[in-house]
2 protein chains.
Amino acid sequence: MRALPPTTVARLPGYLRSLGGLASEGVTTTSSDQLAELVGASPAQLRKDLSYLGAGGRRGVGYEVDHLRRQIAQALGMTEERRVVIVGIGNLGQALAAYSGFADRGFVLVGLFDTDPALVGTEVGGHVVQHVDGLERAVEEQEASVAIVATPASAAQPTTDRLVSAGVTGILNFAPRTVRVPDGVDVREVDLGSELQILGFHARQRSGAAAPAEPAGPAVEPAPEPEPVPAAD
Amino acid sequence: MRALPPTTVARLPGYLRSLGGLASEGVTTTSSDQLAELVGASPAQLRKDLSYLGAGGRRGVGYEVDHLRRQIAQALGMTEERRVVIVGIGNLGQALAAYSGFADRGFVLVGLFDTDPALVGTEVGGHVVQHVDGLERAVEEQEASVAIVATPASAAQPTTDRLVSAGVTGILNFAPRTVRVPDGVDVREVDLGSELQILGFHARQRSGAAAPAEPAGPAVEPAPEPEPVPAAD
DNA sequence: GGTTGTGAATACTTTCACAGCG
DNA sequence: CGCTGTGAAAGTATTCACAACC
């Protein structure tokens, strides 16, 4: 088991969160059944995930909460400090800058950047907003390895390029545009619009929308094929 | 191919976005190669995804941009209006309330809710914040089918329960806690902390972290901090 | 010529079910 | 006994590669 499957990695933060909850309730030992219930996964999946970590569960007993927390935290690199900058201090950037969970996860916010002269120099979440002109320099000096991009769509790719060339290796992109990065750089895209649209898909399924060209079927009521909207804008 | 695979659904918003870009440049026809390049997917995957939709690509020619847009928009239910409420109007909730992409995607914001008396009655993003006491009533009256939860973690589950019982069938949860919903309700979890931690995992991989193995030994010591490696590569 | 649509092949993920150990 | 760890099975997703068609 050299590398963890990406799906496993994506679940670890949730496990860690639930383990924290257990710990704060004074629980010292847990089982795959209990933890699976908390995180909303299957016990088998949980055991498999944890087995990749070499988590030392004891048969007949379960897992030691504290030990498991340390192991997941280490797998996620939380034992090392990561320095993070945020670029784009609009509504969303400001909310992200105010996020209180950085420290708990080993992240230290070291800079906020924007182009808006009205914003530069103001303080947001305890940091003074700087002009993006100084982005590369600050990234290098501060040894930032992670960046959060919360710019308008049009600025996302250029901003990303600058961040990468300055040495950032992890990017969390909130701009509604997928950004390209070279090998060795990791991007995660988070897009409110896409998430809404995915919800919209399921809502449509539920609302009895027949599949396109799916005539066969029981006597469902005259499915209202939604009138084509006035077309594209 | 009854239903689209979830992975395909998750990619459709990105396709739609890129198609919009092409359309605004006056491009009327595209190919799986061109579109794949834009969205950062493989041409084969794109063709397979589009084939699930029954998108009428023409061999030797490609896809008609406008037709494809309409087809994806319909699959995503964008032709029907979805009414959405936001609960929790803190920093993040305010940023989400100000999001300008609702209308383009067929979503209409119909209510903002919070418990904070200092917030109730104020206007955010063109809407007056209401007290959550009136949540169920408003959801029913406004026929909201989608809710965005941006409350603190502790309020996420109770809020979700209330929303669901009032009739909401799609939830976008930004609170750092997975929420449980009954069958027939769709939840998407978006968590900044988790995303950061996933980035942290990859950063750790890169920084030459040794294999996680504690080869042998019953008692594991809690001091496995690896050597700090400053900016290799 | 070019490009789609798609079965087949490969890769990955989840679930099952039970051996193995405390 | 109870509960983990894990091979094997089942289920999904992606990629390949080429026939079909324009």
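Chain A is the first sequence line, chain B the second, and so forth, proteins listed ahead of strands; every chain is numbered from 1.
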Does the side chain of [X] get closer than 4.0 angstrom to OP1 or OP2 of [N] through an N or O atom?
X: A:Tyr63; N: D:dG5; result: yes
X: B:Ser31; N: C:dT3; result: no
X: B:Arg11; N: D:dT14; result: yes
X: A:Ser32; N: D:dC3; result: no

Query - B:Ser32 and B:Arg47: side chain donor to acceptor below 3.5 Å - result: yes
Report task. Assess the side chains of B:Asp49 and B:Gln45: does a donor N or O sit below 3.5 Å from an acceptor N or O? Result ->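 No - no donor-acceptor pair under 3.5 Å links their side chains.
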Requested in this report: Quick one: label B:Ala55 by what it contacts on the DNA or RNA (base, sugar-phosphate, nothing), any heavy atom closer than 4.0 Å.
Outcome: sugar-phosphate
**Report entry** Basic-acidic side-chain contact under 4.0 Å: A:Arg83, A:Glu143
**Finding:**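 Not counted as a salt bridge, because no side-chain N and carboxylate O are separated by less than 4.0 Å.
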Query - Salt-bridge contact A:Arg105-A:Glu81 (side-chain N to carboxylate O under 4.0 Å) - result: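 So A:Arg105 does not pair with A:Glu81 through a salt bridge.
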Query - Comparing A:Thr7 and A:Arg47 on DNA chain C - which has the more 5′ nearest nucleotide - result: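 That would be A:Thr7.
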Requested in this report: By nearest nucleotide on DNA chain C, pick out whichever of A:Pro6 and A:Arg59 is the more 5' one.
Outcome: A:Pro6
Rounded to the nearest angstrom, tell me the gap between atom [atom1] in [X] and atom [atom2] in [N].
X: B:Lys48; N: D:dT15; atom1: NZ; atom2: P; answer: 11 Å
X: A:Leu4; N: C:dT14; atom1: CG; atom2: P; answer: 13 Å
X: B:Arg58; N: C:dG2; atom1: CZ; atom2: P; answer: 18 Å
X: A:Gln34; N: D:dT4; atom1: CD; atom2: C1'; answer: 15 Å
X: A:Leu50; N: C:dT14; atom1: CG; atom2: P; answer: 14 Å
X: A:Asp49; N: C:dT13; atom1: CG; atom2: P; answer: 10 Å
X: B:Leu35; N: C:dT4; atom1: CG; atom2: C1'; answer: 13 Å
X: B:Glu37; N: C:dT3; atom1: CD; atom2: C1'; answer: 17 Å

Query raised in the report: Among D:dT14, C:dT13, C:dG5, which is the nearest nucleotide to the side chain of B:Tyr52?
Result: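 That would be D:dT14.
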Query raised in the report: Can any side-chain N or O of A:Arg206 pair as donor or acceptor with the backbone N or O of B:Thr169 at less than 3.5 Å?
Result: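 Indeed, once roles are kept as given, a pair shorter than 3.5 Å links the two residues.
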